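In what follows, chains are A, B, ... by sequence order, proteins preceding strands, each numbered from 1. Owing to the predicted nature of the structure, the values given are computational and were not obtained by experimental measurement.
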2 protein chains.
Amino acid sequence: MSDRRQARRQQTIDEVVATALEVMAETGAAGLSLGEVAKRMGIRTPSLYGYFASKAALCDELFARGWQEVGALMGPSYDALSAGADAAGLLLDNLSTFVGWALDHRAQAELMFWRPIPGWEPAPEAYAAAVQLTEALSGALANLQLRGLLRPDADVEEMGRVITVLSAGVISQQLSNEPGARLAEGRFAGELGRLVAMFLHEFGAGKKAADLRPDGSRKRVRR
Amino acid sequence: MSDRRQARRQQTIDEVVATALEVMAETGAAGLSLGEVAKRMGIRTPSLYGYFASKAALCDELFARGWQEVGALMGPSYDALSAGADAAGLLLDNLSTFVGWALDHRAQAELMFWRPIPGWEPAPEAYAAAVQLTEALSGALANLQLRGLLRPDADVEEMGRVITVLSAGVISQQLSNEPGARLAEGRFAGELGRLVAMFLHEFGAGKKAADLRPDGSRKRVRR
DNA sequence: GTCTATATCCTGATAGAC
DNA sequence: GTCTATCAGGATATAGAC
């Protein structure tokens, strides 16, 4: 009985989240308003406070769910690591997944990457999923390095920083200069292969440029 | 007499702009409010409408002035081109100037790079300065290419896109992950030299990695 | 659990007196 | 040019009835 009530409650919470994302998608992250969310759900604004303690708490939830979702999408490419995936494949896959998701979830990405809402910043708990993701990236880079696919003298943390700079740069340019473009159409997203190639020229173990194909993929290197 | 009135008016406009930037710096770009601006100036809100037709018009002005200011800062490094500057020096200078300015003007940068204010997007006229800057970048890259410092087969437009991705990426990561850090302290800003090196590995005319010093600067190449 | 009602405050913007 | 007065509406949040 209490289970049923719990389930119903969770369902309503999910509906609030979905509606909030809908509003943000139309108005930008800073345009989120509880009144508009309530109106679309067919309830009154105060009822929302039964599910979220404040607007900030709702933002935290949207933030955390976004990073969780991205993390879940990244799973497969990290799994491919144990199957012996190469560096270029992994990185291109990773960046494309990340950038693609951000372009498909503009407003939520805004909330996750920047600080668009006056007075709000993510609570430490909400950060957890984001931290987990950067740790997974570091782990993957360390794995590649151990397998001899990245320079043994490169700093894993630095490589991680560079990777996040590249993804944030593409997302930022794409969202503000060609809003609405998807992964396949964007001129900046189209540079992802090139950026991966640049990264591997700098950090890849093989020093010969010939190891790299123009699209950024990399010849398989026998372990 | 009319000149004096004009001058006084311009002075007030400048004060509105300065105050608006002050407010934005404290609250984020989306936190800009005309009431707060008026209060700090010691006037009433309606008086502002004598100088700006709307909040959007004020935002346009802030946007345009930001790009103008950055453009003016870039001038010297572009001038160095005719004096025979090399690619690494120019690019590092350029990126550092840009990123440094953005970190010192967080909120204005927010306005210029993203779309933080619901319902506002820059008017075409406000864009002019931004366009001018990307054209200056393309011009500089073409100059370097003509002088044999960049691969002759590289696409100038593409190189320009990559450069803007790098700067936007550093700015984005720096502003959201280490807010408050200046150019010299930021961990992401600290990668600028590395990023320039990566760029030149990919697009530089000299193919040997030995041509590049670790900090991203490049040996002078006699024309 | 959801409602009505309300508190409190802020928003951008306009009309018209001085 | 700047003001007062005001519009018309929005925001988040709380108290207490049903």
A:Trp120 atom CH2 is separated from D:dA13 atom P, nearest whole Å, by 14 Å

Quickly work out the B:Ile13 CD1 to D:dG1 C1' distance and round it to whole Å.
13 Å

Given atom CG of A:Leu34 and atom P of C:dC9, what is their separation to the nearest angstrom?
19 Å

Of B:Thr164, B:Leu144, B:Leu150, the residue whose pairing with B:Met159 passes side-chain contact (heavy atoms from CB on, under 4.5 Å):
B:Leu150

Between B:Arg65 and B:Asp14, does at least one N-O distance fall below 4.0 Å, as a salt bridge requires?
yes

Mind listing the residues from residues 42-53 of chain A sitting with a heavy atom below 4.0 Å of DNA chain D? Number order is fine.
A:Pro46, A:Tyr49

Return the 5'-most residue of the pair A:Lys39, A:Ala56 with respect to DNA chain D, ranking by each residue's nearest nucleotide.
A:Lys39

Nearest-angstrom distance from the residue atom CD of B:Gln10 to P of D:dG1
12 Å

Can you name the side chain to side chain contact (heavy atoms under 4.5 Å, CB included) partners of A:Leu48, sequence neighbours left out?
A:Val16, A:Leu34, A:Val37, A:Ala38, A:Met41, A:Ile43

Heavy atoms under 4.0 Å, any strand shown: does A:Leu58 hit a base, just sugar-phosphate, or nothing?
nothing

Between B:Asn94, B:Val99, B:Asp93, B:Leu92, which is the residue that forms a side-chain contact (heavy atoms from CB on, under 4.5 Å) with B:Ser96?
B:Leu92

For residues 159-190 of chain A, pull every pair meeting ring pair (Phe, Tyr, Trp, His ring centres under 6.0 Å), keeping only residues two or more places apart or in separate chains.
none

Integer-rounded Å distance: D:dT12 P and A:Lys55 NZ
5 Å

Is the number of heavy atoms from other residues, nucleotides or ligands within 6.0 Å of CZ (B:Arg40) greater than 12?
yes

Find the distance B:Glu15:CD to D:dG1:C1' and express it as a whole number of Å.
14 Å

